[in-house]
2 protein chains.
Amino acid sequence: MRRVPAQIAARLPAAAELFADRGLEDTKVEDIAAATGVPKATLYYYFAGKEEILAFLFQDTLQHMADEVAMAVQAPDSAATRLTAVVDAQLRVMADQPAVCQALVGNLGRAGRIPEIATAITDAYYTPVQQLLDEGVRDGSLRPTEDPTTTAMVLFGAVTISALSYLATDRPLSPESLSPSILAVVLEGLRSSADQAI
Amino acid sequence: MRRVPAQIAARLPAAAELFADRGLEDTKVEDIAAATGVPKATLYYYFAGKEEILAFLFQDTLQHMADEVAMAVQAPDSAATRLTAVVDAQLRVMADQPAVCQALVGNLGRAGRIPEIATAITDAYYTPVQQLLDEGVRDGSLRPTEDPTTTAMVLFGAVTISALSYLATDRPLSPESLSPSILAVVLEGLRSSADQAI
DNA sequence: CGCAAGGTTAGACTGCTAGTCTAAAACCTC
DNA sequence: GAGGTTTTAGACTAGCAGTCTAACCTTGCG
């Protein structure tokens, strides 16, 4: 994949719309050319095919997510507070780029075969969140977990799937209303304090 | 889609393997014929195309999940205990049918366009879990949540994504070891009791 | 200015595969 | 054994991904 010039990169989000609502399969390369205004020959000059266009869009969105998450993690608050900021950040990025996120999740299979994507998710999310979980144990704001890797995946999955179900059904995704519901579960847990623990 | 005879249905899981490790795209209908031993013409006699074969496999696995979840929900224990059983049930089904689950998640986009799948997930999971959450509030074992719909999605997402990341990386998925880590988060929450709440 | 290097594009072309169709066999069921 | 349905091989079509060519444009440099 050659370095993609900015004027072209700027037009690609139109392709994400197509991927999101018809799927990668039912989107012809000619359709992408028509929707973005970038001619087919030019697309092939820069990308090996549709999935590389998709991968390019993912990288971009994941970079946003990495930035937002990094900013949330570096704030001067308690780890618990920063964790809520991480959840908000993920929701904000998803609300911002609904088409790309839908396309991403709807084509995880394809994306999964592009190893950079897996790495990008790890770098953007898992690594910083695991570090945050550690710090939370140290500053006393978070409970220690036996397996921080799994905990990070649980968080990611909780946010991703709930946000996604809004996107998939074309309901508007409002981070402000969704975030408290998710955080209530992952921070306070579902078990009533009256119930005998573990 | 005609009623699929049992001898044919029994051979289809071989197709799930192909979908899971090459993706739907890179699996030719002839490959499916070769892998399952069901001739191409016969496949087309019963199914409109590959995605219908995928959909058929999903329905089957989701039916298992519905059964297992229903059983977990109907046990005579406290709602909190039954909720752990639901998580276990989902993990067990996923561990049992890794290829179908990988194919399902890797092709959610396609699947999403097949409305029966969305309905099947709702019936198999969301509806019973929401009911369970209600009962938990009544029997005092679970904390009330402001939005049970979101809570159900959080649970589903937490389990699905963590299980999936094992499947995707070809690590064996062992429900016994994963389940406690997930449950620790969703039942007890991440916030330390020392931290001032909400 | 003139020219080289590389970006950009139209359009023709190839190859592959999904999906259709036909028609023949095999299998039922009454 | 007649009349239906299922099963299958194999030929065929249509459409799309991806390649290639050759022209055209831009930019920068001597």
Side-chain angles (χ1 to χ4, degrees), chain A residues 1-58 60 103 106-107 109-114 116-117, chain B residues 1-58 60 103 106-107 109-114 116-117:
Chain A
M1 192 176 0
R2 277 171 233 253
R3 219 192 52 48
V4 180
Q7 322 97 284
I8 291 182
R11 297 185 184 176
L12 293 179
E17 307 282 341
L18 298 181
F19 294 154
D21 60 59
R22 308 184 198 168
L24 198 58
E25 273 338 288
D26 300 338
T27 304
K28 285 165 256 180
V29 176
E30 314 252 17
D31 295 341
I32 301 174
T36 58
V38 179
K40 182 178 125 162
T42 308
L43 291 172
Y44 276 109
Y45 182 72
Y46 286 108
F47 304 100
K50 321 186 220 186
E51 34 267 284
E52 241 188 58
I53 297 177
L54 191 60
F56 178 84
L57 288 163
F58 291 170
D60 196 66
N107 296 281
R110 294 291 191 81
R113 263 172 285 288
I114 302 173
E116 290 87 39
I117 301 288
Chain B
M1 194 177 354
R2 277 170 234 255
R3 222 193 49 54
V4 180
Q7 321 97 288
I8 291 183
R11 297 185 184 177
L12 292 179
E17 307 281 342
L18 298 182
F19 295 154
D21 61 57
R22 307 184 199 168
L24 198 58
E25 276 336 292
D26 300 338
T27 305
K28 284 165 258 177
V29 176
E30 313 253 16
D31 296 341
I32 301 174
T36 58
V38 180
K40 182 177 125 163
T42 307
L43 290 173
Y44 276 108
Y45 182 74
Y46 286 108
F47 304 99
K50 323 183 216 184
E51 35 268 283
E52 242 188 57
I53 297 177
L54 190 59
F56 178 84
L57 288 162
F58 292 169
D60 195 67
N107 296 282
R110 295 293 191 78
R113 262 172 285 289
I114 303 173
E116 291 87 43
I117 302 288

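Chain A is the first sequence line, chain B the second, and so forth, proteins listed ahead of strands; every chain is numbered from 1.
Bracketed by its first and final contacts, the part of DNA chain C lying under 4.0 Å from non-hydrogen atoms of chain A reaches from C:dG7 to C:dA10 in 5' to 3' order.
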Side chains of residues 27-37 of chain A: which donor-acceptor pairs under 3.5 Å do they make with residues two or more places apart or in other chains?
unit_1, atom_1, unit_2, atom_2, d
A:T27, OG1, A:G23, O, 2.7
A:D31, OD2, A:R22, NH1, 2.8
A:D31, OD2, A:K28, N, 3.1
A:T36, OG1, A:I32, O, 2.7
A:T36, OG1, A:V38, N, 3.1

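Nucleotide D:dT6 holds its P atom 3 Å from the OH atom of B:Y45, rounded to whole Å. Distance B:F47 CZ to D:dT6 P: 14 Å, rounded to the nearest Å. Spacing between atom NZ of A:K50 and atom P of D:dC16 amounts to 10 Å, rounded to whole angstrom units. Taking atom CG of A:D26 as the reference point, atom C1' of D:dG15 lies 13 Å away to the nearest angstrom. Here the C1' atom of nucleotide D:dG18 and the OH atom of A:Y44 are 5 Å apart, to the nearest Å.
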side-chain contact (heavy atoms from CB on, under 4.5 Å) between A:Y46 and A:L12, worked out: CA-CA 12 Å; A:Y46 286 108; A:L12 293 179; over 6 Å; no
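If you take CD on B:E52 and OH on B:Y44, they are separated by 11.0 Å, rounding to the nearest 0.5 Å.
In terms of heavy-atom proximity, B:I53 sits nearest to B:A15 at CG2-CB, 4.5 Å. Residues B:A10 and B:P13 share a closest heavy-atom pair of O-CD, 3.3 Å. Smallest separation of non-hydrogen atoms from A:F19 and A:A103: CB-CB, 3.8 Å.
For DNA chain C, the neighbouring residues in residues 29-43 of chain A, judged by any heavy atom under 4.0 Å, are A:P39, A:A41, A:T42.
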